[in-house]
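Taking it in order: structure first as structure tokens, then the write-up.
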Amino acid sequence: MQDCIFCKIARKEIPAQIIFEDEQILAFRDIDPKAPQHILLIPKEHIATINDLVTEQSHLVGRMTLTAAQLAKQLGFANQGYRLVMNCNEHGGQTVFHIHLHLLAGRHLLWPPG
Ligand code: 5GP
Ligand code: ZN
């Protein structure tokens with residue numbers, strides 16, 4: 001997608017603090033962190049929302065989740081805990097329409113969310 005900001009990050013057209021990359025997945029720090037640790041995990045392939053995910057792409061979400069757990073261990077907050085969030089559309093609070101998994105950690109997160 002030409003104008004998608006996360007596609008541009010995946011193509012290295014705009015900078016980001018990338019902390020993990022393989023052929024299918026990219027993880028980078030959120031530009032406006034909502035917790036001491038706030039990492040976004042995306043598929044390199046453009047998928048606008050979770051509503052648009054098809055069966056053939058479901059492995060990407062599995063890899064994003066597994067990568068988040070591996071990063072949590074590597075960065076040392078796996079045992080204390082963290083939160084994984086995917087926002088969808090208006091009521092979910094989605095602002096970037098390229099699916100992403102938020103990995104949030106480093107403080108006691110409130111539940112339920114606001
Ligand atoms: P959403 O609200 O769609 O679930 O989350 C989008 C997230 O992307 C927000 O937390 C926002 O701070 C982050 N974000 C938006 N633009 C950029 C950017 O250009 N670079 C990075 N690293 N994060 C971004
Ligand atoms: Zn995109």
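Worth knowing before you read on, the calculation uses all heavy atoms, side chains too, and leaves out hydrogens, waters and symmetry mates. In listed order, ligands and their atoms are each counted from 1. All values reported here derive from a predicted model rather than from experimental measurement.
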- Query: Would a 4.5 Å heavy-atom cut-off, applied to side chains only, mark Thr49 and His98 as touching?
  - Reply: no
- With a 4.0 Å heavy-atom cut-off (strictly under), which part of Met86 contacts ligand 1: side chain, backbone, both or neither? neither
- Nitrogen or oxygen of His100 less than 3.5 angstrom from that of ligand 1: yes
- Query: How does Phe97 reach ligand 1, if at all, at less than 4.0 Å between non-hydrogen atoms: by side chain, backbone, both, or neither?
  - Reply: neither
- Minimum-distance protein heavy atom relative to atom 9 (C) of ligand 1: Asp30 OD2, 3.3 Å
- Kindly give the atom name of the N, O or S atom of His98 closest to the Zn ion (ligand 2). ND1
- Message: Using the rule that Ile, Leu, Val, Met, Phe, Trp and Tyr join whenever any side-chain heavy atoms are under 4.5 Å apart, tell me whether Leu84 and Phe28 fall into a single cluster.
- Response: no
- Judged by heavy atoms only, the candidate from Asp32, Ile39, Ile31 nearest atom 14 (N) of ligand 1 is Ile31
- Query: How close does the nearest protein non-hydrogen atom get to atom 3 (O) of ligand 1, and which residue and atom is it?
  - Reply: Thr95 N, 2.7 Å
- Task: For atom 15 (C) of ligand 1, find the nearest protein heavy atom and state the residue, atom name and distance (0.1 Å precision).
- Result: Val96 CG2, 4.0 Å
- Is the closest side-chain donor-acceptor distance between Glu45 and Gln57 under 3.5 Å? yes
- Message: I'd like to check which ligand 1 atoms, numbered from 1 as shown, lie under 4.0 Å from a non-hydrogen atom of Ile9.
- Response: 20 (N)
- Message: Closer than 4.0 Å to some heavy atom of Ile5 - which atoms of ligand 1 meet that?
- Response: 19 (O)
- At under 4.0 Å between heavy atoms, what of Gln17 touches ligand 1? The answer is neither
- Query: For ligand 1, which part of Leu40 has a heavy atom less than 4.0 Å away: the side chain, the backbone, both, or neither?
  - Reply: side chain
- Note on the structure: Counting from 1 in the order shown, the ligand 1 atoms closer than 4.0 Å to a non-hydrogen atom of Gln94 are 3 (O)
- Message: Check contact between Gly93 and ligand 1, using heavy atoms of the residue and a distance below 4.0 angstrom.
- Response: yes
- Linking I/L/V/M/F/W/Y whenever any side-chain heavy atoms sit under 4.5 Å apart, do Leu53 and Leu101 land together? yes
- Task: Would you mind telling me which of Thr65, Ile99, Ile47 makes a side-chain contact (heavy atoms from CB on, under 4.5 Å) with Leu60?
- Result: Ile47
- Under-4.0 Å salt bridge between Asp22 and Lys44: no
- Task: Please work out whether the ring planes of His38 and His102 are parallel, tilted or perpendicular, with thresholds of 30° and 60°.
- Result: tilted
- Are Gln37 and Arg107 close enough, and set up right, to give a side-chain hydrogen bond (donor to acceptor under 3.5 Å, both in side chains), and what steps lead you there? CA-CA 9 Å; Gln37 299 273 2; Arg107 66 174 171 84; over 6 Å; no
- Message: Only to 10 degrees, please: what angle do the ND1 atom of His46 and the SG atom of Cys4 make about the Zn ion (ligand 2)?
- Response: 110°
- Message: Could you see if Ile42 belongs to whatever hydrophobic cluster contains Ile18? Use Ile, Leu, Val, Met, Phe, Trp, Tyr and a side-chain cutoff under 4.5 Å.
- Response: yes
- Message: Need the ligand 1 atom indices (1-based, order shown) with element for anything under 4.0 Å from a heavy-atom of Lys34.
- Response: 9 (C), 10 (O), 12 (O)
- Note on the structure: For atom 22 (N) of ligand 1, the closest protein heavy atom turns out to be Arg29 O, 2.9 Å
- So which of Val96, Leu26, Ile14 actually passes side-chain contact (heavy atoms from CB on, under 4.5 Å) with Phe6? Val96
- Task: State whether the side chain of Gln94 and the backbone N or O of Ala48 hold a donor-acceptor pair below 3.5 Å, judged by distance alone.
- Result: yes
